[in-house]
Amino acid sequence: MKADSIVAGLSRPAGRLLIRAGTVSAAVVAAGSVLGLVRDLLLAGLFGASGDTDAFLVAWTVPETVSPLLVEGAMALVMVPAFGRALAGAGEQRVLRPAVGEVVSATFARLVAVLLVAGALVVVFAPLLVHLLAPGLTHVDIAVDCTRLVAPAVPLIGLAGYMSAALRSHGSFGPPAAIYASYNVGIIASICIGYARHGVRGAALGVAIGAALMVLVQLRPYLRHVGWPRLSWRRSSLVTLAAFLPVGLYTLLRQAQVFVERFVAAALEPGTISHLNYAQKVAQVPLTLSAMAAAVTFPILARSVAAGRRDEARRRMETDLVVIGAVALLACAFLMAFAPTVIEVLFQRGEFGADDTAATARVMRTYVLGLLGQAAVDLLCRGYFTRHRPSWVPAAMMAAGLGATAGLSVWLAPVWDAAGIAVANAAGITLTGLLLACSSRGRLPAAPSARAYGRLAFLLVPTVTTAAVGWWLHEQLSSWPPLAAMVIGGLCSVTVFGSLALAGQRFLRTKREEK
C-alpha cells in the first residue's frame, strides 16, 4: 500500500487514516489467512495426522517462535515506538529520513548479527532441540532434518519483522500485511512440487522459501521510505538493544505455551500434536484479522503516548479491546457449537479421516474457551511497551499463566488426552489476561477504564446465548450437507450475537445518559 507518512496522515482526521489502512490490511491479511488455511489443508490431505506431520510440526516450532517474536512481538513492540519517537522528534517531513536513519544505523547491524548466529545455532543443535521439544517423538530423524531446513527462516523472518516495523511507522501497512501471504505461497508451492519425492521435508524447505519472500515483498517500499541501512555499531538514545529483553522474554513466554503443548502431547498417541495444531489454526483465523487491526492502530497508539495525549491513547485501547474482544467471543460461540462441521468441511479428505475430525473438533471446542484471553493479552501488553523503557510486568504475568498451563497440562493430559492440554492452554492464557487487566489499572496512563471492561463483560450474555442457539441448530442440521450447515450456522450466529450485542450496548448507553 502506498500511503502518506503517519505525520501527514494524522493531520487529517485519524479515522480516515485508520479506515484506509485497515481496509487494505484486512483484505491482504484475509488473503494470507486463506492461503494459510490452504497450506494446512494440503498438509492434512497429503499427510493426515501422523508421526510424519508431528515431526514436521516440531520443526515448525522454530519459525512459529521466531515469527511472533520478531514480527508481531519484540520487533514490533520495540521498534514501532522507537521509530515513532524518531518521527515525533523530527517535526518536519524534510528531516524524517535522518531521524529514522539514526534508529536504523544504531540497531540494524547488531540485529542482523544476532539473527545470523541464531540461525546457525539451530542448524548445529537441531537434534538437541528436537529432543527438548518432543522427547517422546517417534520420527526423530525427520524432525531433525526439517529443523535444519527451516533454520534459514530465523534471520529472514527477523529481517522481515524489522522492515515491517519501519513501514508501519511510516503509515505503509499494505506490504507488512502481505508478508504472511508471501510466506504461505512459498510453503504451498514447495509442498506441491516436492511432496511426492521429499514428503514433509518439502514443506520444511518451503518455510525457508516463504521467509525469503517475506523480505522481498517489503524490500522496494522499505528502500523508498527508509533507504539502504548505514551499518554502524554506535548507540542511540531513541532505542537500545536492552529494550528488547523484557519484550523478548514476554514473547517467548507467550509462545512457550506451544512448547508445553507439544512436549506433553509427544508422549500421547501419534497424531495428537497434529490434532492440536489443526484446531489451533482454525480457531485463530478470526483473531488473525483482529490482530492486524490492532497492528494498524498500534503506531498511532505509540505516537499518542509519545506526545503525552493520554486520553486519546486510552480511548484507542478501549475501542480495540471491545471490538476485538467481541470478535473473539463471536468466534468462541460459533466454533463451540459447529466445531465438528467446520473441521469436516475443511479437513476431512485424503489421509484425514472421520476419527481425525472427531479428535480435532473435541480439542477445538475446549481450545476456543481461551480466545478472549488471547485477545486481551495481545492488546493489553501494548500499553506497557509504548514507553521508552518497556516494562517487565507482561513477562511476569505471562510466566504465571505459563506455569498454570504447564501444571494443568501434566495433570489433565492423562485423563482427557489432547482436550486436557487445550483446557490447560485456555486456562493459562485467560489467567494472564486477568492479571494484566488488574495490574494495568493505576500503572499505565493508557489503561482501559472500568467502563470498557464492563462493556466487554456485557458481551458474555450474547456469547452464551449464541452458543446455546448454535448447539441446538447444529443438532437440527446434522442431516444436512456439512458445507450448508456451516454456512447457515455462521449466518445465524452472527445474526444472534450481533443483535444481542447491539441491544446491550444501547441499553448501557441509555443507562449512562440517565445518570
Side-chain angles (χ1 to χ4, degrees), residues 28-29 31-40 42-43 56-76 79 108 111-126 129 133 143-168 174-195 198 200-223 229 248 251-252 255 258 277 281 288 291-292 295:
V28 178
V29 170
S33 298
V34 170
L35 288 170
L37 188 57
V38 171
R39 175 202 66 204
D40 292 334
L42 278 174
L43 285 171
F56 168 71
L57 290 171
V58 169
W60 204 358
T61 304
V62 173
E64 274 189 316
T65 302
V66 172
S67 180
L69 178 63
L70 298 178
V71 180
E72 300 96 348
M75 198 69 75
M79 295 310 302
F108 188 85
L111 287 171
V112 170
V114 170
L115 292 170
L116 289 173
V117 171
L121 291 175
V122 171
V123 174
V124 173
F125 293 103
L129 277 175
L133 290 171
V144 171
D145 290 345
C146 289
T147 301
R148 285 175 170 151
L149 286 169
V150 304
V154 174
L156 290 169
I157 291 175
L159 183 56
Y162 188 91
M163 296 166 71
S164 176
L167 288 172
R168 287 173 180 170
I179 60 177
Y180 288 116
S182 305
Y183 180 61
N184 288 321
V185 164
I187 299 175
I188 291 169
S190 186
I191 292 174
C192 293
I193 294 172
Y195 83 91
H198 303 294
V200 293
R201 292 179 178 87
L205 179 61
V207 172
I209 296 172
L213 294 177
M214 293 171 76
V215 175
L216 291 176
V217 77
Q218 299 182 99
L219 184 58
R220 185 176 178 182
Y222 177 84
L223 293 178
T251 310
L252 285 174
Q255 184 63 20
V258 177
N277 174 74
K281 291 297 190 296
T288 301
M292 180 48 62

For residues 187-195, dump all side-chain donor-acceptor pairs below 3.5 Å to protein atoms at least two apart in sequence or in another chain.
| from | atom 1 | to | atom 2 | distance (Å) |
| --- | --- | --- | --- | --- |
| S190 | OG | G202 | O | 2.5 |
| S190 | OG | G206 | N | 3.3 |

Can you list everything that forms a side chain to side chain contact (heavy atoms under 4.5 Å, CB included) with [X]? Sequence neighbours excluded, please.
| X | answer |
| --- | --- |
| L216 | L213 |
| V122 | V62, L129, T147, A151, V154 |
| A181 | L35 |
| V112 | F108, L116 |

I need the minimum non-hydrogen distance between [X] and [Y], along with the two atoms involved.
| X | Y | answer |
| --- | --- | --- |
| A203 | L43 | CB-CD2, 4.1 Å |
| G119 | P155 | CA-CD, 4.2 Å |
| A59 | A143 | CB-O, 3.8 Å |
| L156 | A212 | CD1-N, 3.8 Å |
| P176 | L167 | CG-CB, 3.8 Å |
| I157 | P63 | CD1-CB, 4.1 Å |

Mind checking what makes side-chain hydrogen bond (donor to acceptor under 3.5 Å, both in side chains) contact with [X], not counting sequence neighbours?
| X | value |
| --- | --- |
| T61 | R262 |
| D40 | none |
| R148 | none |

Sequence neighbours left out, what pairs pass side-chain hydrogen bond (donor to acceptor under 3.5 Å, both in side chains) with at least one residue falling in residues 115-125?
none
Verify the distance criterion only: is there a donor paired with an acceptor across the side chains of S67 and Y180 at less than 3.5 Å?
yes
Measure the spacing between CG of L159 and CE of M214 and express it to the nearest 0.5 Å.
10.0 Å
Calculate, to the nearest 0.5 Å, the distance between atoms CD and CD1 belonging to Q218 and I179 respectively.
5.5 Å
Taking it one step at a time, do R201 and L149 satisfy side-chain contact (heavy atoms from CB on, under 4.5 Å)?
CA-CA 8 Å; R201 292 179 178 87; L149 286 169; 4.0 Å; yes
Which pairs pass salt bridge (Lys or Arg N to Asp or Glu O under 4.0 Å) with one or both residues in residues 175-190, sequence neighbours excluded?
none
I'd like to check the ring-ring contact (aromatic ring centres under 6.0 Å, His included) partners of F56; sequence neighbours left out, ordered by chain and number.
W60
Would you indicate whether the side-chain heavy atoms of T65 and L252 approach each other to under 4.5 Å?
yes
